[in-house]
**Student:** 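One structure follows; several queries about it will come next.
Positions are given from 1, in the same order as the sequence printed here. Remember, predicted model here, so these are calculated numbers, not experimental data.
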Amino acid sequence: MAITQQQLLQILPNARPVAGVFVSALSQAMARFDITSPVRQAAFLAQVGHESKHLTALSESLYYKDAERVAGLLKYGFDLNRNGRVDPAEIEDARAYLRNSEKMANRVYANRMGNGSEASGDGYRYRGRGGIGITGADMYRRCGQALGLPLLERPELLEQPEYAALSAAWFWWDRGLNELADAGLFDRITRVVNGGDNGREDRLQLWAKAKAVLCLPLI
């Protein structure tokens with residue numbers, strides 16, 4: 001079923017500036033990728049809502065102010081917790097990348113996910129974009145092929161509401177998350193989307209709100 005603008009704002013109140021554009025984009029994307037039952041839609045909208053800050057942030061920011069936060073959030077690029085302790089040399093290395101999203105992205109996404117070296121600029125070029133962050137050259141390629149879009153050449157397309165919604169719905173379908181939603185396995189969905197449990201409480205709160213708005217039992 002299609003969602004209304006009122007329902008979208010009840011679930012994601014901070015989306016007010018963009019809700020009018022996104023309500024049709026999300027409805028069309030969900031219909032295309034079989035996110036059509038309230039159970040599936042509630043889980044999908046909760047995850048998209050968290051990942052995109054209520055549809056207001058469609059491009060990943062890697063702007064950090066302190067190396068310790070980098071150590072806590074980023075698994076690649078810096079070995080800040082070597083043998084259970086913070087390595088001062090790595091902390092000093094990380095400081096050179098603070099307050100610079102482009103430089104940080106090129107470091108932490110280098111030489112993986114189909115990206116080239118740090119110097120190639122692929123890390124920033126193919127940073128997370130869309131409603132659920134499409135990240136890395138390999139994923140941009142696959143998503144582009146699925147949607148018929150030249151995402152390797154024009155990755156910024158995923159910052160447009162239509163393609164942000166479509167790419168998120170494609171990721172959801174491609175990873176089998178409809179089936180996990182049907183089974184109520186929301187934490188497993190989070191781990192697929194995020195690679196861990198980052199933001200778990202906010203995701204759960206959004207899920208509960210989405211279920212209430214879409215008239216599902218709050219269990």
**Student:** Cluster question for you: counting only ILVMFWY and a side-chain heavy-atom cut-off of under 4.5 Å, with indirect links fine, are Val23 and Val21 together?
**Tutor:**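 No, no single cluster joins them.
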
**Student:** Supply the atom-to-atom distance Asn100 CG to Arg107 CZ, rounded to the nearest 0.5 angstrom.
**Tutor:**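 The CG atom of Asn100 sits 13.0 Å away from the CZ atom of Arg107.
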
**Student:** How long is the straight-line distance from OG1 of Thr56 back to NZ of Lys53, given to the nearest 0.5 Å?
**Tutor:**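 Reported value, rounded in 0.5 Å steps: 7.0 Å.
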
**Student:** Are Val18 and Leu9 linked, directly or through other ILVMFWY residues, by side chains that come within less than 4.5 angstrom of each other?
**Tutor:**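 No; tracing contacts between hydrophobic side chains, which count when under 4.5 Å, never links both residues.
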
**Student:** Test side chain to side chain contact (heavy atoms under 4.5 Å, CB included) on Val213 and Ile3 and set out the steps.
**Tutor:** CA-CA 10 Å; Val213 169; Ile3 59 169; over 6 Å; no

**Student:** Mind running side chain to side chain contact (heavy atoms under 4.5 Å, CB included) on Leu177 and Val193 for me, showing each step along the way?
**Tutor:** CA-CA 9 Å; Leu177 299 185; Val193 169; 4.0 Å; yes

**Student:** Would you say Ser52's side chain and Leu58's backbone share a donor-acceptor pair under 3.5 angstrom?
**Tutor:**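 Checked: no pair found.
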
**Student:** Between Asp122 and Arg125, does any side-chain N to carboxylate O distance fall below 4.0 Å?
**Tutor:**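 Salt bridge present between Asp122 and Arg125.
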
**Student:** Restricting to pairs with a member in residues 18-42, which pass salt bridge (charged side-chain N to carboxylate O under 4.0 Å, His left out), not counting sequence neighbours?
**Tutor:**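 Passing the test, one end in residues 18-42: Asp34-Arg40, Arg40-Asp182.
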
**Student:** Looking at residues at least two apart in the chain, or sitting in another chain, which of them share a ring-ring contact (aromatic ring centres under 6.0 Å, His included) with Tyr124?
**Tutor:**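 With sequence neighbours excluded, Tyr124 shows a ring-ring contact (aromatic ring centres under 6.0 Å, His included) to no residue whatsoever.
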
**Student:** What I'd like to find out is whether the side chain of Met104 reaches to under 4.5 Å of the side chain of Tyr109, using heavy atoms alone.
**Tutor:**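 No, too far: nothing below the 4.5 Å cut-off.
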
**Student:** Counting C-beta onward and ignoring hydrogens, is there a side-chain heavy-atom pair between Ser117 and Asn111 closer than 4.5 Å?
**Tutor:**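 Ser117 vs Asn111: side chains touch.
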
**Student:** For Asp138, what residues pass the side chain to side chain contact (heavy atoms under 4.5 Å, CB included) criterion, not counting sequence neighbours?
**Tutor:**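 Result, side chain to side chain contact (heavy atoms under 4.5 Å, CB included) vs Asp138: Arg141.
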
**Student:** Could you give the distance from CZ (Arg191) to CG (Asn198), rounded to the nearest 0.5 Å?
**Tutor:**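 The CG atom of Asn198 is 13.5 Å from CZ of Arg191, to the nearest 0.5 Å.
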
**Student:** Working to the nearest 0.5 Å, report the span between CG of Leu62 and CZ of Arg99.
**Tutor:**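 Rounded to the nearest 0.5 Å, the CG-CZ separation comes to 15.0 Å.
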
**Student:** Can any side-chain N or O of Arg112 pair as donor or acceptor with the backbone N or O of Val108 at less than 3.5 Å?
**Tutor:**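 Yes: the side chain of Arg112 pairs with the backbone of Val108.
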
**Student:** Taking Ser101 for its side chain and Tyr63 for its backbone only, find out whether a donor-acceptor pair lies under 3.5 Å.
**Tutor:**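 Indeed, once roles are kept as given, a pair shorter than 3.5 Å links the two residues.
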
**Student:** Which atom names give the shortest non-hydrogen contact between Asn106 and Gly123, and what distance separates them?
**Tutor:**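 Residues Asn106 and Gly123, closest heavy atoms: OD1-N, 3.4 Å.
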
**Student:** Provide the closest heavy-atom pair for Ala46 versus Leu206 in the form atom of the first, atom of the second, distance.
**Tutor:**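 The pair with the smallest heavy-atom distance is O-CD1, 3.6 Å.
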
**Student:** Before you tell me yes or no, could you show the steps for Glu51 and Arg203 under salt bridge (Lys or Arg N to Asp or Glu O under 4.0 Å), namely the whole-Å CA-CA distance, both residues' side-chain angles and the distance that decides it to 0.1 Å?
**Tutor:** CA-CA 9 Å; Glu51 289 289 311; Arg203 295 173 200 269; 2.7 Å; yes

**Student:** Hydrophobic clusters here meaning ILVMFWY residues chained together by side-chain heavy-atom distances under 4.5 Å, can you tell me if Ile35 and Leu185 are in one?
**Tutor:**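 Yes, same cluster.
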
**Student:** Report yes or no: does Asn115 contribute a side-chain atom to a donor-acceptor pair with the main-chain N or O of Ser120 at less than 3.5 Å?
**Tutor:**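 The answer is no, because no donor-acceptor pair under 3.5 Å joins these two groups.
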
**Student:** Does the side chain of Lys209 come within less than 4.5 Å of Leu12's, by heavy atoms?
**Tutor:**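 In short, these two side chains do not touch, never coming nearer than 4.5 Å.
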
**Student:** Are Trp207 and Leu45 packed together at the side-chain level, in the sense that at least one heavy-atom pair is separated by less than 4.5 angstrom?
**Tutor:**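 They are not in side-chain contact.
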
**Student:** Report yes if the side chains of Arg127 and Thr135 come closer than 4.5 Å at any heavy-atom pair, otherwise no.
**Tutor:**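 Sidechains of Thr135 and Arg127: no contact.
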
**Student:** For the atom pair CG (Asn194) and CG (Asp187), what is the distance rounded to the nearest 0.5 Å?
**Tutor:**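 One gets 11.5 Å once the value is rounded to the nearest 0.5 Å.
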
**Student:** Does the Asp174 side chain pair with the main chain of Trp170, one donor and one acceptor, at a distance under 3.5 Å?
**Tutor:**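 No, Asp174 side chain to Trp170 backbone: no donor-acceptor pair under 3.5 Å.
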
**Student:** Answer whether the closest heavy-atom distance between the side chains of Met139 and Met113 falls below 4.5 Å.
**Tutor:**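 Met139 vs Met113: side chains apart.
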
**Student:** Can I get a per-line list of side-chain donor-acceptor pairs under 3.5 Å for residues 154-165, giving both atom names and the distance, sequence neighbours left out?
**Tutor:**
unit_1: Glu159; atom_1: OE2; unit_2: Arg129; atom_2: NE; d: 2.8

**Student:** Do Gln47 and Thr190 come close enough that some side-chain heavy atom pair is under 4.5 Å?
**Tutor:**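 The answer is yes; the side chains approach within 4.5 Å.
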
**Student:** Nearest heavy-atom pair of Ser167 and Cys143: which atoms, and what distance?
**Tutor:**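 Result for this residue pair: CB-SG, 3.7 Å.
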
**Student:** State, to 0.1 Å, how close Ala42 and Leu214 come at their nearest heavy-atom pair, and which atoms those are.
**Tutor:**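 That closest heavy-atom pairing would be N-CD1, 3.7 Å.
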
**Student:** Return the minimal non-hydrogen interatomic distance between Ala181 and Val39, and the atom names on each side.
**Tutor:**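 That closest heavy-atom pairing would be O-CG1, 3.1 Å.
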
**Student:** Quick check: are there more than 12 heavy atoms from other residues, nucleotides or ligands sitting under 6.0 Å from CZ of Arg16?
**Tutor:**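 Counting neighbours around CZ of Arg16, 12 or fewer heavy atoms of other residues, nucleotides or ligands fall under 6.0 Å, so no.
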
**Student:** Under the rule for ring-ring contact (aromatic ring centres under 6.0 Å, His included), what residues qualify as partners of Phe44, not counting sequence neighbours?
**Tutor:**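 If we apply the ring-ring contact (aromatic ring centres under 6.0 Å, His included) test to Phe44, skipping adjacent residues, the hits are Trp172.
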
**Student:** Holding to ring-ring contact (aromatic ring centres under 6.0 Å, His included), I want the full list of residues that pass it with Tyr126, two or more places apart in sequence or in another chain.
**Tutor:**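 Tyr126 satisfies ring-ring contact (aromatic ring centres under 6.0 Å, His included) with Tyr140 once adjacent residues are dropped.
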
**Student:** Looking at every heavy atom in both Val48 and Ala168, which two are closest together, and how far apart are they?
**Tutor:**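 Closest approach of Val48 to Ala168: CG2-CB, 4.1 Å.
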
**Student:** Looking at Arg200, is its backbone amide N or carbonyl O close enough to the side chain of Asp197 to form a donor-acceptor pair, meaning the two atoms are under 3.5 Å apart?
**Tutor:**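 Answer holds: no.
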
**Student:** Distance from Gln145 atom CD to Leu152 atom CG, nearest 0.5 Å?
**Tutor:**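 So the CD of Gln145 and the CG of Leu152 are separated by 8.0 Å.
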
**Student:** Are any of the side-chain heavy atoms of Gln5 and Leu8 separated by less than 4.5 Å?
**Tutor:**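 The answer is no, as the side chains (C-beta and beyond) never meet within the 4.5 Å cut-off.
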
